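Here's the structure we're looking at; comments come further down.
Only this structure's heavy atoms are used, side chains among them; waters, hydrogens and symmetry mates stay out. The shown structure was predicted, so the numbers you read here are calculated from the model rather than taken from an experiment.
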Amino acid sequence: SIRTYDDHDIVTFARVWTGFHRQPTRANFEMENRGTRNSIDPMRIEPDDRDFLPKIDLHDGYIGDSYPLCVDLPVRSFLRRGGRYTRRVSLGDVVHSDTTVLEPDVGSPLHATLCAAAVEGAACTFPSQLTLDSNLACSGADCSVNRIDVAKLMDGGVAVWFEFQPPPCVELAFFSDGTLFSGEQGVQPCASRAV
């Protein structure tokens, strides 16, 4: 017999797509009708609307089984080979209540890499996307944090923002070292101490 999927698999895979919302409308693209939703930009994920429980794959395992645990990622992964940065127009594109912003020191390896000047002392070119091809040395402000969400560089009084996209990893839905944390509006979520 040929193994295939059933209704249980369909329901499980449908849970993967929960929490996705369209981006708000913006200028610089055509819309057939005023007020039509933005169908061009990638959808954003609203964590509160996500089904956070594990999803079974078609091979009797779980989606994400081959990825490392997020808590096991190396310290300062934003300086490691493979780290990806995307230039953003403004901080409003990536800001959240818990966003960690790093302003690397001028002259640090991270600043020089994101600046991407043709030669030392030349004007920065600020590439739209950049992937680190080697590990960078920790220098100055880079050494004071373990993880970042955004890097901020100054260019003649104007801020240039780069969003760091961490390597793919998974979080455990169940853990043995849980503790209550104080949250918004009196909610006390239970989370792993390792996070």
Side-chain angles (χ1 to χ4, degrees), residues 16-17 19-31 36-48 50 63-171 194-195:
V16 170
W17 302 109
F20 284 85
H21 294 270
R22 290 184 190 269
Q23 297 283 5
T25 57
R26 63 174 174 85
N28 201 27
F29 71 89
E30 294 180 21
M31 294 185 292
T36 301
R37 289 201 251 177
N38 182 341
S39 299
I40 293 177
D41 295 323
M43 297 178 86
R44 71 182 188 283
I45 297 175
E46 291 292 335
D48 291 342
R50 293 280 297 159
I63 295 173
D65 274 351
S66 61
Y67 290 101
L69 292 175
C70 295
V71 297
D72 292 340
L73 288 177
V75 173
R76 295 187 213 31
S77 59
F78 62 92
L79 296 173
R80 301 249 180 193
R81 183 164 95 39
R84 296 179 311 145
Y85 290 86
T86 303
R87 185 175 174 191
R88 298 295 182 195
V89 174
S90 70
L91 184 59
D93 295 339
V94 293
V95 72
H96 306 287
S97 61
D98 60 346
T99 299
T100 304
V101 178
L102 170 69
E103 193 166 345
D105 297 340
V106 175
S108 73
L110 180 59
H111 187 282
T113 302
L114 295 176
C115 170
V119 294
E120 191 173 332
C124 295
T125 60
F126 301 119
S128 59
Q129 292 190 337
L130 181 126
T131 301
L132 300 179
D133 54 8
S134 63
N135 291 341
L136 300 178
C138 165
S139 173
D142 308 352
C143 303
S144 65
V145 293
N146 290 330
R147 60 170 278 283
I148 68 165
D149 300 306
V150 178
K152 172 186 175 185
L153 279 69
M154 296 303 292
D155 183 38
V158 176
V160 179
W161 306 96
F162 283 92
E163 179 181 15
F164 172 66
Q165 294 148 348
C169 62
V170 293
E171 308 252 357
V195 173

Please examine the side chains of [Y] and [X], heavy atoms only from C-beta on, and report whether any two atoms are closer than 4.5 Å.
X	Y	value
L79	C138	yes
V150	T100	no
F164	S77	yes
P74	R80	yes
Y85	T113	no
V160	R87	yes
P104	L153	yes

Got a sec: does the OH of Y67 have more than 12 other heavy atoms crowding it under 6.0 Å?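 For Y67, atom OH is not crowded (no more than 12 foreign heavy atoms under 6.0 Å).
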Check: [X] side chain, [Y] main-chain N or O, donor-acceptor pair, under 3.5 Å:
X	Y	answer
D155	V158	no
D41	Q23	no
R44	R22	yes
N146	R76	no
T125	A117	no

[X] versus [Y], closest heavy-atom pair with distance:
X	Y	value
A159	K152	CB-CE, 4.1 Å
P68	L73	CG-CD2, 4.2 Å
H21	G19	CD2-O, 3.2 Å
D133	R81	O-CD, 3.2 Å
A141	S144	O-OG, 2.7 Å

What distance do [X] atom [atom1] and [Y] atom [atom2] have between them, rounded to the nearest 0.5 Å?
X	Y	atom1	atom2	answer
T86	L130	OG1	CG	9.0 Å
D149	Q165	CG	CD	11.0 Å
M154	C124	CE	SG	12.0 Å
L69	E171	CG	CD	8.5 Å
I148	D142	CD1	CG	8.0 Å
L102	F78	CG	CZ	5.5 Å

Determine, stepwise, if the pair S139 / L110 fulfils side chain to side chain contact (heavy atoms under 4.5 Å, CB included).
CA-CA 8 Å; S139 173; L110 180 59; over 6 Å; no
*Applying side chain to side chain contact (heavy atoms under 4.5 Å, CB included), run through I45 and R50 and close with a yes or a no.*
CA-CA 8 Å; I45 297 175; R50 293 280 297 159; 3.2 Å; yes
Assign the ring pair F126 / F162 to parallel, tilted or perpendicular, where the plane angle (0 to 90°) is split at 30° and 60°.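 Tilted.
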